[in-house]
Amino acid sequence: VKEGGVLVGDIHTGLRDGHSKRQQTGLLDHVFGIKRRKSKHRMRVRTGADGKPIPIRFGSEFGKPFTLAFNAVGPGDVVPVSAKPLASYSLQNEQHPAFLVNEFGKGKAIYLNFTATGYRVIENEGRSDEVEVTVTELRGMAAARFRRIFEKLIGYTDLSPSVEASGCALWRFADKS
């Protein structure tokens, strides 16, 4: 990143070491231009109090402002230091940054304070287990908005023309001891 690359990470990035041990602070927080404060919300990842997805408001940097709901957002512990928030969400009437961009050296680090995938993390007594949830295919306006989010991400890179990916899978491992 310091030499001109682009790093994109979500709410899980840098929170565990190479042995999946939970860290007190994010190992890449300085690159993302954020700090973490103590949160009144215990879970790392959560839906709304009613169990519904949480709406994230994306600003004019994405074209016409819009809202798109996600199943999992951060617990309200992220505070921008040098990063610029381009989207936000609300937990118990408190605004929190959702999409942050930080200049780092010659490059950029983009922190997504939400997950755009179909899983939730359940934390229990220091352990974290992932639970698969059904993801419906996005269509219409939701699909167009989701595409605008990722076009913005790709716009920060030197990738040209646009990259299309299908059939991707995400695997995560955890220490269950």
Ser82 side chain to Asn102 side chain, donor-acceptor N/O pair below 3.5 angstrom: yes
Side chain to side chain, Leu15 and Gln23, heavy atoms closer than 4.5 Å: no
Distance in Å, Thr67 OG1 paired with Ile54 CD1, rounded so as to fall on 0.5 Å steps: 13.0 Å
Within-4.5 Å side-chain heavy-atom neighbours: Leu100 and Leu86: no
Short side-chain to backbone donor-acceptor contact, Arg57 and Leu68, under 3.5 Å: no
Distance (rounded to the nearest 0.5 Å) between Leu7 CG and Lys2 NZ: 13.5 Å
Nearest non-hydrogen partners of Ala83 and Pro80, listed with the distance: O-CB, 3.5 Å
Euclidean distance, Phe70 CZ relative to Phe114 CZ, rounded to 0.5 Å: 4.5 Å
Rounded distance [0.5 Å steps], CD1 in Ile11 versus OG1 in Thr115: 5.0 Å
Test log, rule side-chain contact (heavy atoms from CB on, under 4.5 Å), inputs Ile110 and Leu153: CA-CA 8 Å; Ile110 302 163; Leu153 286 173; 3.4 Å; yes
Criterion side-chain contact (heavy atoms from CB on, under 4.5 Å) on Tyr111 and Asp10, from CA distance to verdict: CA-CA 6 Å; Tyr111 188 78; Asp10 72 4; over 6 Å; no
is_close_aromatic(Phe99, Phe62), centroid dist under 6.0 Å: yes
Test log, rule side-chain contact (heavy atoms from CB on, under 4.5 Å), inputs Lys108 and Glu103: CA-CA 5 Å; Lys108 291 188 179 7; Glu103 305 281 335; 3.0 Å; yes
Expected output: side-chain Gln95 to main-chain Asn93 donor-acceptor under 3.5 Å: no
Cationic N near anionic O, under 4.0 Å, Lys152 to Glu61: no
side-chain contact (heavy atoms from CB on, under 4.5 Å) assessment of Val8 paired with Phe32: CA-CA 9 Å; Val8 179; Phe32 288 118; over 6 Å; no
Polar contact flag, side-chain donor to acceptor under 3.5 angstrom, Asn113-Tyr89: yes
Test: Arg37 and Glu94 ion pair at under 4.0 Å: yes
Nearest-0.5 Å distance that lies between atom CG in Asp17 and atom CG in Leu27: 7.0 Å
Any donor-acceptor N/O pair, Arg36 side chain to Asp29 backbone, under 3.5 Å: no
Nearest-0.5 Å distance, OG of residue Ser90 to CD1 of residue Ile56: 11.5 Å
Non-hydrogen atoms of Pro53 and Pro55 that approach each other most closely: O-CD, 3.7 Å
